[in-house]
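The structure appears right after this line, and notes come after that.
Fair warning: this is a prediction, and the values are worked out from it, not measured in the lab. Chain identifiers are assigned alphabetically (A, B, ...) following the order of the sequence lines, protein sequences preceding nucleic acid strands; residue numbering begins at 1 within each chain.
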Amino acid sequence: MTAQHPPPPAEPGSAAPHAQPVPPPPPHGATARGDAPPLSPAPSQADIDEAIGAAHARAAHAATRDHPPRDFPPYRSSALRHPLAAPLPLRDPEAVELRGPVFGVTDVTALDSDLTRRHHAEPLGERITVTGRVLDRRGRPVRGQLVEVWQANASGRYAHRLDQHPAPLDPHFTGFGRCLTDDEGRYAFTTIKPGAYPWRNHTNAWRPAHIHFSLFGDAFAQRLVTQMYFPGDPLFPYDPILRSVTDLAARERLVADYDHELSVPEWSLGYRWDIVLDGPAATWCEEGRAR
Amino acid sequence: MTEPTAAAPAAMPLPPTPSQTVGPFYGYALSFAGGGDLVPAGHPEALTLHGYVFDGAGEPVPDALLEFWQADPAGATAGAPGSLRHDPATGQVVGRDTVRFTGFARVPADADGHWTLRTLAPGPHRPAAVPYLALLLFARGLLHHLHTRVHLPEHAEALAAEPEFAALPPERLNTLLAVREAERRYRFDLRLQGEKETVFCDFPLGPHQPPGAAPVPGAR
């Protein structure tokens with residue numbers, strides 16, 4: 001695990017000088033992995049570790065560290081894609097963003113939550129179930145809302161044409177699913193455990209295995225897109241995307257629990273991951289809301 | 001299990017699950033056919049809203065994802081299901097039913113950073129409210145999504161008079177206004193960073209509670 005060391009020049013014993021901050025990528029980063037291009041001198045893992053330490057030190061004074069700062073230099077693609085101005089706070093209790101889109105039985109089919117049954121045969125990999133509850137910050141369940149997931153296959157490759165990582169595609173796995181939460185806010189997916197994969201943020205950059213989640217609350221202001229990680233992954237200390245969440249306790253909220261009670265004998269391993277949506281809920285209209 | 005139950009809601013607000021970037025590979029999962037068509041082509045009242053997303057170097061962002069949420073022309077914000085309506089035989093998304101206005105759209109930017117939305121003009125969501133479309137932007141490189149609002153130019157004066165926007169200089173306020181290009185066609189560009197940076201907004205919890213809302217149990 002990388003220590004939270006201060007910014008340069010404190011680097012005793014370091015092999016390479018790191019006087020320069022991590023260079024931003026050139027404007028056009030569209031490459032095989034869709035990230036930083038291969039032509040720029042790629043930083044080393046040590047460069048990235050140091051930049052993470054510096055960014056964490058800067059963030060230590062932030063009022064809240066629940067979410068990543070949008071300006072996070074170790075994740076190089078953030079360099080030109082974060083606003084410089086602070087967001088304008090809006091507190092209108094009748095803002096359109098305090099209501100949100102609704103979804104129903106026409107939007108999701110029963111098969112959509114099983115990512116292993118989309119093709120004519122079973123995908124390769126370790127079959128898992130992932131379940132949990134979607135709650136608002138007061139602990140109330142988010143009912144009847146859309147949960148979407150997408151992920152790489154067991155070999156660490158996405159079924160996306162721009163992903164040219166030389167790992168095999170699986171003809172029996174595409175890797176996306178949808179479901180609606182039930183009256184307790186519960187969601188459940190059956191899938192296979194995704195593989196780790198390399199990317200081009202820096203030399204020898206690897207993403208820990210993760211499942212992308214997209215979540216809706218009752219209010220558009222509660223919208224969340226995030227990633228779920230698997231417990232005990234040895235790649236956690238090296239990943240600038242997970243570590244963009246500068247608070248350890250907040251980072252741990254992105255890691256699912258292995259739950260033996262959820263494992264199905266002779267069939268699948270079970271993971272539990274509860275999700276709490278930030279932002280104001282639509283308290284003022286909840287009674288009148290059709291479900 | 002440690003999760004709170006419905007009978008005993010958490011006394012203190014729960015800490016939220018952090019955001020993470022949408023990444024580059026959402027395209028086969030989140031994008032869906034007709035995602036930007038809130039009304040069908042040829043609808044007599046349809047208006048087209050389109051634009052580009054630019055990064056801090058002025059380059060287009062080819063892998064941005066935009067979502068829109070809006071009131072219907074009468075100002076109703078109840079929404080309707082069916083944005084992702086499926087054909088049960090094939091499992092494919094077949095588009096909205098052309099009758100119900102769902103209020104929700106999702107549009108991935110093209111390779112040149114351009115996006116297009118076909119919709120109806122939102123009505124005022126309360127008497128005398130300035131109508132707008134709520135816009136949510138996701139992208140690779142963006143660790144936490146960004147909210148902004150699209151206003152049609154006929155509401156420019158009313159927007160400038162809104163107390164919440166009063167502190168913005170005119171050139172910043174203008175980033176929240178679409179430009180009329182032709183009959184029923186408007187342009188709205190987003191700039192993530194730097195000169196002419198779009199005004200983004202957020203929705204902090206409190207201290208203003210909605211009128212009549214129950215206080216948060218145990219809140220300090």
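A donor-acceptor contact shorter than 3.5 Å links the side chain of Glu197(B) to the backbone of Leu84(A). Not a single donor-acceptor pair under 3.5 Å links the side chain of Gln20(B) to the backbone N or O of His212(A). The backbone N or O of Pro15(B) lies less than 3.5 Å from no partner atom in the side chain of Asp66(A), so there is not a single donor-acceptor pair. The closest donor-acceptor contact from the side chain of Arg138(A) to the backbone of Pro13(B) lies at 3.5 Å or more, if one exists at all.
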As a quick check of understanding, evaluate side chain to side chain contact (heavy atoms under 4.5 Å, CB included) for Ser19(B) and Val225(A), giving each step before the final call.
CA-CA 6 Å; Ser19(B) 171; Val225(A) 166; 5.8 Å; no

Show the numbers, then the answer: is there a side chain to side chain contact (heavy atoms under 4.5 Å, CB included) between Arg81(A) and Arg140(B)?
CA-CA 9 Å; Arg81(A) 295 185 170 194; Arg140(B) 172 180 66 84; 3.4 Å; yes

Test log, rule side chain to side chain contact (heavy atoms under 4.5 Å, CB included), inputs Leu90(A) and Phe165(B)
CA-CA 9 Å; Leu90(A) 298 177; Phe165(B) 297 90; 4.0 Å; yes

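Counting heavy-atom pairs closer than 4.5 Å to chain B, the top residue among Pro69(A), Ala159(A), Gly279(A) is Ala159(A). When each of Gly56(B), Ala64(B), Pro16(B) is checked for heavy-atom pairs under 4.5 Å with chain A, Pro16(B) comes out on top. Options His144(B), Arg85(B), Arg191(B) differ in how many heavy-atom pairs under 4.5 Å they form with chain A, and the most are formed by His144(B). Interface check for chain A: of the options Pro163(B), Gly23(B), Pro81(B), the most heavy-atom pairs under 4.5 Å are formed by Pro81(B). When Arg172(B), His86(B), His145(B), Glu162(B) are compared by the number of non-hydrogen pairs under 4.5 Å with chain A, His86(B) comes out ahead. For chain A, the option among Tyr132(B), Phe200(B), Phe32(B), Phe54(B) with the highest count of heavy-atom pairs below 4.5 Å is Tyr132(B). Highest contact tally toward chain A, considering only Leu168(B), Val199(B), Thr102(B), Leu143(B), is held by Leu143(B) [criterion: heavy-atom pairs under 4.5 Å]. Top candidate by heavy-atom pairs under 4.5 Å with chain B, chosen from Leu215(A), Leu224(A), Val105(A), is Leu224(A). Note on Leu111(A), Val149(A), Thr109(A), Ile241(A): by heavy-atom pairs under 4.5 Å with chain B, the leading option is Ile241(A).
Between His160(A) and Phe25(B), the ring-plane angle classifies as tilted under the 30° and 60° cut-offs.
Within the 4.5 angstrom heavy-atom criterion, no atom of Leu133(B) approaches chain A. Both the backbone and the side chain of His82(A) come within less than 4.5 Å of a heavy atom in chain B. Heavy atoms closer than 4.5 Å to chain A are found in both the backbone and the side chain of Glu164(B). Within the 4.5 angstrom heavy-atom criterion, only side-chain atoms of Leu146(A), from C-beta onward, approach chain B. Heavy atoms closer than 4.5 Å to chain B are found in the backbone of Gln151(A), but not in its side chain. Heavy atoms of Glu148(A) lying under 4.5 Å from chain B belong exclusively to its side chain. Using a 4.5 Å cut-off between heavy atoms, Val108(A) touches chain B through its backbone atoms (N, CA, C, O) alone. Contact of Asp136(A) with chain B is made through the backbone alone, with heavy-atom distances under 4.5 Å. Using a 4.5 Å cut-off between heavy atoms, Val53(B) makes no contact with chain A at all. With a 4.5 Å cut-off on non-hydrogen atoms, Gln70(B) touches chain A through its backbone but not through its side chain. Residue Arg149(B) touches chain A through its side chain alone, counting heavy-atom pairs closer than 4.5 Å. With a 4.5 Å cut-off on non-hydrogen atoms, Val22(B) touches chain A through its backbone and its side chain both. With a 4.5 Å cut-off on non-hydrogen atoms, Thr64(A) does not touch chain B at all.
Between Pro18(B) and Arg251(A), every side-chain heavy-atom pair lies at or beyond the 4.5 Å cut-off. Side-chain contact check for Pro89(A) versus Asp202(B): some heavy-atom pair is nearer than 4.5 Å. You'll find the side chain of Leu162(A) stays beyond 4.5 Å of the side chain of Pro24(B), heavy atoms only. Contact annotation: the side chain of Trp69(B) approaches that of Arg99(A) to within less than 4.5 Å [non-hydrogen atoms, C-beta and beyond].
Ring-centre distance between Phe104(B) and Phe103(A): below the 6.0 Å cut-off.
The environment of Glu195(B) atom CD is sparse: at most 12 non-hydrogen atoms of other residues, nucleotides or ligands sit within 6.0 angstrom. No more than 12 heavy atoms of other residues, nucleotides or ligands shown are found within 6.0 angstrom of CZ on Arg117(A).
Residue Phe68(B) holds its CZ atom at 9.0 Å from CZ of Phe220(A), rounded to the nearest 0.5 Å. To the nearest 0.5 angstrom, Leu142(B) atom CG is 8.5 Å from Tyr75(A) atom OH. Residue Arg178(A) holds its CZ atom at 5.0 Å from CG of Leu84(B), rounded to the nearest 0.5 Å. Here CZ of Phe213(A) is found 10.5 Å from OG1 of Thr17(B). Values are rounded to the nearest 0.5 Å. The distance from atom CZ of Arg223(A) to atom CZ of Phe203(B), rounded to the nearest 0.5 Å, is 14.0 Å. Note that OG of Ser214(A) and OH of Tyr26(B) are 12.0 Å apart. Values are rounded to the nearest 0.5 Å.
Contact between Ala29(B) and Phe176(A) at its shortest, heavy atoms only, is CB-CB, 3.5 Å.
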